[in-house]
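For reference, the structure is listed below as C-alpha cells.
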Amino acid sequence: MEVVLQYLGPIGQGMLVTVALTVLGTVLALIIGLFGALARLYGPWPLRAVVGAYVEVIRGTPQILQLFAVFFGLTQYGIQLDAFTAAAIWLSAYGGAYAVELFRAGLHSIPHEQREASAALGISRWTTLRKVILPQALATILPAMVSFLVLQVKNSSLAFTIGVMDIMRRAELGVNATSQATLLYLMAVTAYFILNFPLSRLGIALERRVAQYR
C-alpha cells in the first residue's frame with residue numbers, strides 16, 4: 001500500500017504526458033491522413049506513388065525501429081530532438097499512415113452517383129468534395145476514428161524507450177527503485193485502462209448511432 005501511495009502521483013503525472021503525446025500525435029496524424037487520402041485518391045500519379053510508398057513503409061516496418069530512426073537517426077544530420085518531440089513526430093507519422101487508409105475507406109464509401117449528380121448540377125469538384133463527400137465520409141468513419149485514438153494511446157507507450165516520462169517510464173523508474181514490478185506495472189495497466197475505457201465505450205456508442213442512419 002505504501003508503494004501505491006508513493007507512486008500514485010508520478011503515475012498520474014505520466015498519464016498527463018501520455019495524454020499530451022497522444023492528443024498531439026493523433027491530431028497531426030489525422031491531418032496527415034486526410035491530405036494523404038485526398039492525394040492518393042485525386043492527386044497526380046507521382047504524388048499517389050509517394051503517399052502509397054509512405055503508407056507501405058510505415059506499415060511494413062517495426063514501430064520501435066521507426067521511433068529510434070527519428071530520435072537517434074536525425075542526430076547524424078545535426079538535428080537534435082528532445083524525447084517528447086521525437087516521440088510526437090514518430091506517433092504522428094506512424095498514425096498518419098493508418099489514418100490515410102482510414103480516410104480513404106471513408107471517401108470510397110460514398111456512392112459515386114453523388115459525384116455524378118453534383119457534376120450534372122454544375123457544382124465544382126472541390127465544392128462537391130468539401131460540402132457533399134467529406135462530411136458524409138467523416139460521419140461514416142467517426143467510430144473508427146475513436147478506435148484509432150485508443151490505438152494511439154497504446155502505441156504511445158513505446159515512447160518510454162527513449163526516455164519520455166509517460167506512464168510506462170514512471171512505472172519503470174518505480175520498479176527500478178522498489179523492485180515491486182507486479183504492483184507498479186499493474187498501476188500502469190490501470191492507468192491505461194482509465195484512459196482507454198471511456199474511449200472504447202464512446203466508439204461503440206458512435207458505431208450504433210451511425211448504424212441507425214445507414
Quick one: hydrophobic cluster around Leu16, which other residues, with the 4.5 Å side-chain cut-off, linked directly or via members? none

Do Arg169 and Val164 come within less than 4.5 Å of each other through their side chains, counting heavy atoms only? no

Just verifying a value: how many Å separate Leu28 CG and Ile89 CD1, rounded to the nearest 0.5 Å? 9.5 Å

Taking all heavy atoms of Ala29 and all of Gly95, pick out the closest pair and write down the distance. CB-C, 3.6 Å

Using the side-chain contact (heavy atoms from CB on, under 4.5 Å) rule, take Leu158 and Met168 through it: C-alpha gap first, then chi angles, then the decisive distance, then the call. CA-CA 8 Å; Leu158 279 180; Met168 280 297 297; over 6 Å; no

Residues clustered with Leu121, ILVMFWY side-chain links under 4.5 angstrom: Ile123

For the hydrophobic clusters of this structure (ILVMFWY residues joined by side-chain heavy atoms under 4.5 Å, transitively), does one cluster hold both Val27 and Ile58? yes

Between Gln114 and Ile133 (side chain of the first, backbone of the second, donor and acceptor by atom type, cut-off under 3.5 Å), is there such a pair? no

Any side-chain heavy-atom pair of Ile194 and Met15 under 4.5 Å: yes

So, does Arg48 use its side chain to make a donor-acceptor pair with the main chain of Gly43 at under 3.5 Å? yes

May I have all residue pairs that pass salt bridge (charged side-chain N to carboxylate O under 4.0 Å, His left out) and include part of residues 186-195, sequence neighbours excluded? none

Gap between atom OG1 of Thr85 and atom CZ of Phe71 - 0.5 Å precision: 10.0 Å

Joining Ile, Leu, Val, Met, Phe, Trp and Tyr whenever any side-chain heavy atoms lie under 4.5 Å apart, the cluster holding Leu186 also takes in none

Which heavy atom of Val100 sits nearest to which heavy atom of Ala37, and what is that distance? O-CB, 3.5 Å

By the side-chain hydrogen bond (donor to acceptor under 3.5 Å, both in side chains) test, which pairs, at least two apart or in different chains, include something from residues 18-46? Arg40-Glu101, Tyr42-Arg115

Any side-chain hydrogen bond (donor to acceptor under 3.5 Å, both in side chains) involving residues 174-191? Give me the pairs, sequence neighbours left out, ordered by first then second residue. none

Is the CZ atom of Phe68 crowded by more than 12 outside heavy atoms at less than 6.0 Å? yes

Pairs in or reaching into residues 146-166: which pass side-chain hydrogen bond (donor to acceptor under 3.5 Å, both in side chains), with residues at least two apart or in two chains? Gln63-Asn155

Starting from Leu138, can I reach Leu129 by hopping between I/L/V/M/F/W/Y residues whose side chains sit under 4.5 Å apart? yes

Looking at every heavy atom in both Ala83 and Gly163, which two are closest together, and how far apart are they? CB-C, 4.2 Å

Indicate yes or no: at least one non-hydrogen side-chain atom of Val132 is less than 4.5 angstrom from one of Ile110. no

Say whether Leu202 and Leu151 are linked into one hydrophobic cluster, either directly or through other cluster members, by side-chain heavy-atom distances under 4.5 angstrom. no

The complete set of side-chain hydrogen bond (donor to acceptor under 3.5 Å, both in side chains) pairs with one or both residues in residues 3-13, sequence neighbours excluded, reads Gln13-Arg170

For residues 77-99, the ring pair (Phe, Tyr, Trp, His ring centres under 6.0 Å) pairs (sequence neighbours left out) are Trp90-Tyr94, Tyr94-Tyr98

Look at the side-chain heavy atoms of Ile, Leu, Val, Met, Phe, Trp and Tyr, link any pair under 4.5 Å apart, and say whether Val57 and Leu74 land in one connected group. no

In one Ile/Leu/Val/Met/Phe/Trp/Tyr side-chain cluster, 4.5 Å: Val50, Tyr54: no

Nearest heavy-atom contact between Thr140 and Ser109 is CG2-OG, 3.9 Å

Would you say that Leu134 contacts Leu34 through its side chain, given a criterion of any heavy-atom pair below 4.5 Å between the two side chains? yes

Option passing side chain to side chain contact (heavy atoms under 4.5 Å, CB included) with Val153 (candidates Ile167, Asn196, Val23): Asn196

Restricting to ring-ring contact (aromatic ring centres under 6.0 Å, His included), what partner residues turn up for Phe197, sequence neighbours left out? Phe193

For Thr128 and Ser118 the tightest heavy-atom approach is OG1-CB, 3.2 Å

With Pro46 via side chain to side chain contact (heavy atoms under 4.5 Å, CB included) - residues at least two apart: Pro44

Sequence neighbours left out, what pairs pass salt bridge (charged side-chain N to carboxylate O under 4.0 Å, His left out) with at least one residue falling in residues 175-201? none

Leu102 side, atom CG; Met145 side, atom CE - distance, nearest 0.5 Å: 7.0 Å

Under the criterion side-chain contact (heavy atoms from CB on, under 4.5 Å), I'd like the reasoning laid out for Leu107 against Leu38: C-alpha separation, chi angles, the key distance, then a yes or no. CA-CA 9 Å; Leu107 291 168; Leu38 292 175; 3.9 Å; yes

State, to 0.1 Å, how close Ala188 and Ala171 come at their nearest heavy-atom pair, and which atoms those are. CB-CB, 3.9 Å

Taking the side chain as every heavy atom from C-beta outward, state whether Leu30 and Phe103 have any pair of such atoms under 4.5 Å apart. yes

